[in-house]
Enquirer: 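Supplied in structure tokens, the structure appears directly below.
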Amino acid sequence: MPKPKILIVDDEYLIRWSLSENLQKEGYRCVTAENGEEALELFRTEGPDLVLLDIKLPGIDGIQVLQQIKEADPDIPVLMITATTQVEVAVKAMKLGAYDYVSKPFDLTEIQTKVQHALETTQLRQEVAYFRSRHAHRLGFDAIIAGCPRMQEVLSVARRVARSSSTTVLLTGESGTGKDVLARAIHYESPRADRPFMPINCTALPEELLESELMGYEKGAFTDAKKTKKGLFELADGGTIFLDEIGDMKPGLQSKLLRFLEDRSFKRVGGKEDIEVDVRIIAATNADLERAIEEKRFREDLFYRLSVVPIVLPPLRDRQEDILPLAYHFLETFNREFKTSFRGFSAEAEAFLTRYDWPGNIRELRNVVERAVILSTGEEIGVDALPWKIKGGERAGGVRRPGEEPQPGVVVLPDHGVDIEEVERELIVQALEKTGNNQTRAAKMLGLTRDALRYRMKKYDLL
Ligand SMILES: Nc1ncnc2c1ncn2[C@@H]1O[C@H](COP(=O)(O)OP(=O)(O)OP(=O)(O)O)[C@@H](O)[C@H]1O
Ligand SMILES: [Mg+2]
């Protein structure tokens, strides 16, 4: 990596000289300009990574130079150099996008620290922007499979709500129906896309912790509060907060959230000051909020505030035509992940997938496809690789008891009996054969961990 290049602009020769001597010793490359015109010229020809800019210059002054630089490159950090009497101008410069300022007479170490800090922050910002742009397409509406009319309707509402950048959204639907995916898509297709998306699960934390996570706290608010800490509301400013499992939020915090939704302001824990932020709230739940309201566990007024735009995600069993497109979508995903190249599912397997009622919804379908890809060989996923519950058996739900009908396909005990260890050994050998001696996949086929499989292989002298 080339060393960062700094453009130093000051009309005093001694200042230019001492700054560039000092910064070069720190390993930076420096170019200097003594007036605004020269500064803008060098800015274009040298492409510096940072500008140190005196406010008071002959000809076009520092503020104008700053404006032109920021127009050309809004991301470049500019550190202003001011006389102590120019503080108001310095503040104006900050408003125009200057990164920070140092007052004359300055301390060289202070300048070094600020330069280093500005360069690091800018690099981090660029990395984040790069990461976001690379992932944006995977996070938007295009990644959501929605063929059936009900999902088309869901997406069209979601698209509209994404554009209206502050509207609160309530997503409801059974577990695994895609609430997370949709919340993210709304954020990444909204004008807030380049600001943070911050998910938080309301079940995962005790009430007080959740409150300080969301609202932050003041130094001394409680024993461990050694210094003031910002909460998600502040950190997500300009972005979106995703309150997952909102149904589990405790009433005390519900009131605070309600207040926030009403006037977009809140107080840190232990704080007196009202803090205003601009965030969109997307809430989600798989619980029956109406029942929670009847049982007085959820505030009715909060429910109405949250459901400005309610979106209901249908369970997979009501979206039968989406089952195969989703299955093929996941097949592609896992082909890529496991470097396999299955072309599809056999007709019989497709029929089972379509007929099953998917209580765990899309997440369950995804897991079934993952398991099938691991267990299968050949070009197609056949019924063998599908779990019993999908093929109409109940085995997954419980163990068959003596006297009950055996499931088709489960081993039948011959009348003359067997040596159970011999059967175990034989099954292990077959699993290894079927998977081309791949122990991880063989273990999956037998419902064992790889270690448990290796233990048995050792026992049967198969290693
Ligand atoms: N329409 C869709 N297209 C493609 N993948 C989807 C779709 N909906 C959900 N998925 C995938 O299904 C899985 C479950 O989705 P998600 O986590 O969004 O469900 P959820 O409703 O938030 O569940 P929970 O209530 O348990 O939190 C994820 O792996 C997600 O990527
Ligand atoms: Mg979720």
Side-chain angles (χ1 to χ4, degrees), residues 135-159 161-162 169-190 197-205 210 232 240-249 281-292 298 306-307 309-338 344-345 353-354 356-374 387 390:
H135 290 269
H137 69 282
R138 285 209 283 148
L139 299 167
F141 293 125
D142 291 347
I144 295 181
I145 292 179
C148 72
R150 266 181 82 181
M151 275 305 285
Q152 284 292 323
E153 177 61 28
V154 163
L155 277 198
S156 101
V157 175
R159 280 209 168 84
V161 84
V169 186
L170 178 64
L171 304 175
T172 51
E174 292 176 15
S175 182
T177 46
K179 299 185 292 295
D180 260 81
V181 198
L182 192 64
R184 268 169 224 275
I186 291 175
H187 171 77
Y188 285 102
E189 303 253 348
S190 78
F197 174 82
M198 298 226 169
I200 182 159
N201 188 310
C202 302
T203 316
L205 297 172
L210 181 60
L232 288 191
T240 305
I241 293 187
F242 177 44
L243 294 171
D244 206 358
E245 317 262 3
I246 187 85
D248 289 332
M249 189 180 263
I281 301 284
I282 301 181
T285 180
N286 55 29
D288 181 353
L289 279 188
E290 267 143 33
R291 198 161 114 219
F298 203 84
L306 287 172
S307 38
V309 178
I311 297 183
V312 182
L313 282 154
L316 189 52
R317 62 183 163 281
D318 294 348
R319 310 168 48 179
Q320 238 187 19
E321 58 194 279
D322 286 346
I323 294 176
L324 289 181
L326 280 163
Y328 274 84
H329 165 75
F330 292 132
L331 183 63
E332 240 172 71
T333 311
F334 291 116
N335 265 338
R336 235 176 293 132
E337 188 171 331
F338 299 124
F345 300 85
L353 292 174
T354 320
Y356 182 58
D357 70 348
W358 300 106
N361 296 298
I362 302 175
R363 181 174 300 113
E364 184 181 12
L365 175 57
R366 187 186 155 100
N367 292 342
V368 164
V369 175
E370 179 177 11
R371 177 177 181 275
V373 167
I374 290 169
I390 286 180

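Keep in mind that this is a model prediction, so the values were computed, not measured. Whatever order the structure lists ligands and atoms in, that order sets their numbers, starting from 1.
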Enquirer: Please assess V373 against F330 for the test side-chain contact (heavy atoms from CB on, under 4.5 Å), listing each intermediate value before the final yes or no.
Expert: CA-CA 10 Å; V373 167; F330 292 132; over 6 Å; no
Enquirer: Taking 2.8 Å as the upper limit, name the protein N, O or S atoms near the Mg ion (ligand 2).
Expert: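 Within the sphere that stays under 2.8 Å of the Mg ion (ligand 2), the protein atoms of type N, O or S are D180 OD1.
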Enquirer: Run the side-chain contact (heavy atoms from CB on, under 4.5 Å) check on Y356 and I323 step by step: do they pass?
Expert: CA-CA 10 Å; Y356 182 58; I323 294 176; over 6 Å; no
Enquirer: Does the side chain of P149 come within less than 4.5 Å of E321's, by heavy atoms?
Expert: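 A side-chain contact under 4.5 Å exists here.
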Enquirer: Check whether any side-chain heavy atom of F298 sits under 4.5 Å from a side-chain heavy atom of I246, and report yes or no.
Expert: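 In contact.
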Enquirer: Name the residue from R319, R363, R317 that meets the salt bridge (Lys or Arg N to Asp or Glu O under 4.0 Å) definition with E174.
Expert: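 It is R317; the other options fail the test.
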Enquirer: State whether the number of non-hydrogen atoms from other residues, nucleotides or ligands found under 6.0 Å of E290 atom CD is greater than 12.
Expert: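 Count not over threshold, so no.
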Enquirer: Quick one: table the atom pairs, ligand 1 N or O against protein N or O, below 3.5 Å, distance rounded to 0.1 Å.
Expert:
| unit_1 | atom_1 | unit_2 | atom_2 | d |
| --- | --- | --- | --- | --- |
| ligand 1 | 1 (N) | I145 | N | 3.3 |
| ligand 1 | 1 (N) | I145 | O | 3.0 |
| ligand 1 | 3 (N) | I145 | N | 3.0 |
| ligand 1 | 17 (O) | R363 | NH2 | 3.1 |
| ligand 1 | 18 (O) | K179 | N | 3.4 |
| ligand 1 | 18 (O) | D180 | N | 3.1 |
| ligand 1 | 18 (O) | V181 | N | 3.1 |
| ligand 1 | 19 (O) | G178 | N | 3.2 |
| ligand 1 | 21 (O) | T177 | N | 3.3 |
| ligand 1 | 21 (O) | G178 | N | 3.1 |
| ligand 1 | 21 (O) | K179 | N | 2.9 |
| ligand 1 | 21 (O) | K179 | NZ | 2.8 |
| ligand 1 | 22 (O) | D180 | N | 3.1 |
| ligand 1 | 22 (O) | D180 | OD1 | 2.9 |
| ligand 1 | 23 (O) | G176 | N | 2.8 |
| ligand 1 | 23 (O) | R363 | NH2 | 3.2 |
| ligand 1 | 25 (O) | K179 | NZ | 2.7 |
| ligand 1 | 25 (O) | N286 | ND2 | 3.4 |
| ligand 1 | 26 (O) | S175 | OG | 2.6 |
| ligand 1 | 26 (O) | R363 | NH1 | 3.0 |
| ligand 1 | 26 (O) | R363 | NH2 | 3.3 |

Enquirer: Would you call the rings of Y188 and F197 parallel, tilted or perpendicular, taking 30° and 60° as the class edges?
Expert: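 It falls in the tilted class, 30° to 60°.
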Enquirer: Got L316 and L326 here, is their nearest side-chain heavy-atom distance under 4.5 Å?
Expert: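 Result yes, sub-4.5 Å side-chain heavy-atom pair found.
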Enquirer: How long is the span from the CG atom in N201 to the CZ atom in F242, to the nearest 0.5 Å?
Expert: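 It is 9.0 Å, given to the nearest 0.5 Å.
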